[in-house]
Amino acid sequence: MTSGLWELVLDGVWVTVQLLVLSALLATAVSFVVGVARTHRLWVVRFLAGFYTEVFRGTSALVMIFWVFFVLPPAFGWQLVPLWAGTLALGLTYGAYGSEIVRGALAAVDPAQREGGVALSFTPWQRMRLILLPQAVPEMIPPFSNLLVELLKGTALVSIMGMGDLAFSGNLVRLALQESAGIYTYILLIYFVIAFLLTRLMRGLEKKLKAGVGKAPVREPDPEPKRPETTGVGGAV
């Protein structure tokens, strides 16, 4: 490929990274807000949070991007740029999946921890902030890591809006060179490298968080070799 075509691909990588970061931030915020709301003592809050989760988990991310970009703006008399439309659609959709991760991790905390917070006269917010979340967040990292990789792959859907992400740029290069195998192989490798870096980053974050709550894996020393049994005369059996 010429330098101009490589520059087009690199621009697509940058757009994909921007979209990934922005939509991941929105999805994280939605995950915690909705996930915590799923554990609220008021049934109305739990119902609304559950309704949101079921709606966005039960709809296609591709159709949601269409709806946010083509249907929602005319209803309010304004237009979203593709980057913000993609961020909104992907963040809300994957945030619904993330909310189940948060809810499940909070529910998995030992009930004795909650009872301890009640015994110390902590308010519900104090119990959540000081007891539940510090123990639940490290357990959320592995499923969140998988969800982040899925979000990375979901960013390719924004190419339907004409947004110059990695998938869209790769298709332009393919049309320019009239070559599919090589170009799409390069694109797959780029997605793989980004996903690999993300999983490594999340794995390091998981170790750091678990170390903060005393759950870091401890490497056991190698056992000493067992000595052979001997007879009374000193010979080996």
Side-chain angles (χ1 to χ4, degrees), residues 12-13 15-40 42-108 136-137 139-171 184 187-188 191-192 194-195 198-199 202:
V13 173
V15 171
T16 294
V17 170
Q18 290 183 80
L19 178 61
L20 175 65
V21 171
L22 293 174
S23 55
L25 290 175
L26 177 59
T28 301
V30 171
S31 297
F32 277 91
V33 171
V34 178
V36 171
R38 295 288 304 273
T39 66
H40 201 276
L42 295 178
W43 73 269
V44 175
V45 177
R46 295 197 305 271
F47 172 79
L48 293 176
F51 179 76
Y52 167 85
T53 301
E54 294 302 325
V55 168
F56 279 87
R57 286 198 309 171
T59 53
S60 167
L62 179 62
V63 177
M64 184 60 65
I65 290 175
F66 274 123
W67 193 83
V68 171
F69 189 64
F70 295 108
V71 178
L72 185 62
F76 292 93
W78 39 260
Q79 181 65 49
L80 284 173
V81 296
L83 177 62
W84 294 115
T87 298
L88 185 61
L90 294 175
L92 293 177
T93 299
Y94 285 89
Y97 291 96
S99 67
E100 281 296 285
I101 296 175
V102 174
R103 184 195 62 79
L106 290 175
V137 168
E139 306 303 325
M140 300 177 193
I141 301 302
F144 266 132
S145 178
N146 293 333
L147 190 63
L148 187 59
V149 173
E150 290 298 321
L151 176 57
L152 169 64
K153 293 184 287 187
T155 57
L157 297 175
V158 301
S159 60
I160 63 173
M161 299 184 293
M163 185 175 172
D165 70 314
L166 178 57
F168 185 83
S169 300
N171 190 51
Y184 283 133
I187 300 303
L188 286 176
Y191 275 113
F192 170 77
I194 298 175
L198 288 176
T199 54
M202 296 295 285

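Note that the numbering runs from 1 along the sequence shown for the chain. Side chains included, hydrogens not; waters and symmetry mates left out as well; all remaining heavy atoms used.
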Step-by-step side chain to side chain contact (heavy atoms under 4.5 Å, CB included) determination, Leu198 to Leu20: CA-CA 11 Å; Leu198 288 176; Leu20 175 65; 3.7 Å; yes

Test item: Val30 and Phe56 side chains (from C-beta on) under 4.5 Å apart, heavy atoms: no

Could you give the distance from [atom1] ([X]) to [atom2] ([Y]), rounded to the nearest 0.5 Å?
X	Y	atom1	atom2	value
Leu157	Leu62	CG	CG	5.5 Å
Leu72	Phe66	CG	CZ	15.0 Å
Ile187	Asn171	CD1	CG	9.5 Å
Leu26	Trp84	CG	CH2	10.0 Å
Glu54	Thr59	CD	OG1	11.0 Å
Ile141	Met202	CD1	CE	4.5 Å

Provide the closest heavy-atom pair for [X] versus [Y] in the form atom of the first, atom of the second, distance.
X	Y	answer
Ser31	Gly95	OG-O, 3.3 Å
Thr53	Ala96	CG2-O, 3.6 Å
Gly162	Phe168	CA-CE1, 3.8 Å
Leu106	Ala136	CD2-CB, 3.9 Å
Asp165	Ser159	OD1-CB, 3.5 Å
Gly12	Ser169	CA-OG, 3.5 Å

Phe47 atom CZ, over 12 foreign heavy atoms within 6.0 Å: no

Enumerate donor-acceptor pairs with a distance under 3.5 Å from any side-chain N or O in residues 142-152 to protein atoms, sequence neighbours excluded.
from   : atom 1 : to     : atom 2 : distance (Å)
Glu150 : OE2    : Lys153 : NZ     : 3.1

Chi angles and distances behind the side chain to side chain contact (heavy atoms under 4.5 Å, CB included) call for Phe69, Ile160: CA-CA 10 Å; Phe69 189 64; Ile160 63 173; over 6 Å; no

N/O donor-acceptor pair under 3.5 Å between Arg103 side chain and Gly35 backbone: no

Aromatic plane relationship, Tyr97 with Tyr94 - under 30° parallel, 30 to 60° tilted, over 60° perpendicular: tilted

Name the atoms and distances for all side-chain donor-acceptor pairs under 3.5 Å in residues 85-92, with sequence neighbours left out.
from  : atom 1 : to    : atom 2 : distance (Å)
Thr87 : OG1    : Leu83 : O      : 2.8

